Number of protein chains: 2
Amino acid sequence: MNIGEASRASGVSAKMIRHYESIGLVPRADRQDSGYRDYGPEDVHRLGFVRRARDLGFSLDRIRVLLGLWGDPSRTSSEVKALALTHIKELEGKARHLQEMADVLRGLSLACDGDERPDCPIIAGLEGGPRLSSRHSRDWPTSHSS
Amino acid sequence: MNIGEASRASGVSAKMIRHYESIGLVPRADRQDSGYRDYGPEDVHRLGFVRRARDLGFSLDRIRVLLGLWGDPSRTSSEVKALALTHIKELEGKARHLQEMADVLRGLSLACDGDERPDCPIIAGLEGGPRLSSRHSRDWPTSHSS
DNA sequence: CTGCACCTTCCCATTATGGGAAGGTCAACG
DNA sequence: CGTTGACCTTCCCATAATGGGAAGGTGCAG
């Protein structure tokens, strides 16, 4: 089958299929006489694997490893699991980081009237002064006059 | 002051300061006779603003808008707040997405023995079959024999 | 034979950041 | 004065993953 059909069948864009081939993530596809790439069910299967791994946030580099494990009959499930757990930690670390940023910003936003006047704690927070944290405003000692 | 000092004072790398200038995010810096860029307290202040906005996950494009609002005496805090709330939604959306991926993977990992044998639900999950979801395994109807 | 859909390769753009080269400036030290 | 080392300049390249689009070849249907 042509690349377009393989793309539809696997959910990977033709552009990306070519790219994955160019970086050696997937083997070079066979060619028809026309020069068109030629894919079989196994290729589509592999591309689907890659797509699902991408959907779970794995980097192409890590997918390379996963593909190796996939095709390795002597793999151990502990290798796979270790890779997965590492990835889970990274995902959750990033999720936490994003949520922390959101929380800080929400704290500033709660203090912002959101009216027609220019005064705005959000701008003030960005402007400097106390480090941005997720704590409440009463924990922001703007100055210690003592 | 030289760019190095401005960098240390603002927490923005010299490389990035030049970059921000090149894309017009911050005004072109004055030059000393030597050709060195020359920064004043106000410049450092602005760079600090940019850094803190970056720390909260704002894109440079949005920081451009924030800087505009910052310097606009006729801004309304509602404009700022709206921008912030939009950004919060995006951050939380991304955080949720990452967490969902982690949850799916954790589901697969829990089912994986992690021993010396090759059998691995994680690999099987990537390989295809039922769509990857965050549901429990008892919610994965592999087949309906009825 | 024409037209349209599809394929090929190649280059460019994105986002934010950094590495590094080649060369100019400055200050200090001997 | 001369050298050295820290600092500055600009310019190009790289990253990760994806897409846009151009220029040109292929295949099939009418």
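In what follows, every chain begins at residue 1, and chains take the letters A, B, ... in the order their sequences are listed. These numbers come from a predicted model, not from an experiment.
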Item to check | Worked check of salt bridge (charged side-chain N to carboxylate O under 4.0 Å, His left out) between B:Asp115 and B:Arg117 | outcome: CA-CA 6 Å; B:Asp115 56 20; B:Arg117 289 169 302 169; 2.5 Å; yes

Next on the checklist: Evaluate B:Met101 against B:Leu105 for side chain to side chain contact (heavy atoms under 4.5 Å, CB included), listing each step before the verdict.
Outcome noted: CA-CA 6 Å; B:Met101 298 191 297; B:Leu105 206 47; over 6 Å; no

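Annotation: side chain of B:Met16 is not in contact with side chain of B:Arg51 (no heavy-atom distance under 4.5 Å). Contact annotation: the side chain of B:Leu85 approaches that of B:Lys81 to within less than 4.5 Å [non-hydrogen atoms, C-beta and beyond]. Within the 4.5 Å cutoff, the side chain of A:Leu69 has heavy atoms near those of the A:Leu83 side chain. Within the 4.5 Å cutoff, no side-chain heavy atoms of B:Arg54 are placed close to those of B:Val12. For the pair B:Leu56 and A:Leu126, the minimum side-chain heavy-atom distance is below 4.5 Å.
Shown here are the ring pair (Phe, Tyr, Trp, His ring centres under 6.0 Å) partners of A:Tyr39, two or more places apart in sequence or in another chain: there are none. Partners of A:His19 under the ring pair (Phe, Tyr, Trp, His ring centres under 6.0 Å) rule, at least two apart in sequence or in another chain, do not exist in this structure.
With a cutoff of under 4.0 Å to any heavy atom of chain A, the contacted region of DNA chain C is bounded 5' to 3' by C:dC6 to C:dT9.
Residue whose closest nucleotide on DNA chain D sits further toward the 5' end, between B:Asn2 and B:Lys15: B:Asn2.
Counting non-hydrogen atoms of neighbouring residues, nucleotides and ligands closer than 6.0 angstrom, the CZ atom of A:Arg31 exceeds 12 such neighbours.
B:His87 and B:Phe58 have parallel rings, their planes meeting at less than 30° on a 0 to 90° scale where 60° marks the start of perpendicular.
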Can you pull every protein N or O that's under 3.5 Å from an N or O on nucleotides 13-17 of chain D?
from: D:dA17; atom 1: OP1; to: A:Leu60; atom 2: N; distance (Å): 2.9
from: D:dA17; atom 1: O3'; to: A:Arg54; atom 2: NH2; distance (Å): 2.9

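For DNA chain C, the residues of residues 30-49 of chain B within the heavy-atom distance limit of 4.0 Å (strictly under) are B:Ser34, B:Tyr36, sorted by number.
Rounded to 10°, the angle separating the first-five-pair axis and the last-five-pair axis of the helix from C:dC1-D:dG30 to C:dG30-D:dC1 equals 30°.
Of all the heavy atoms in A:Gly24 and A:Arg64, the pair that sits closest is O-NH1, 3.4 Å.
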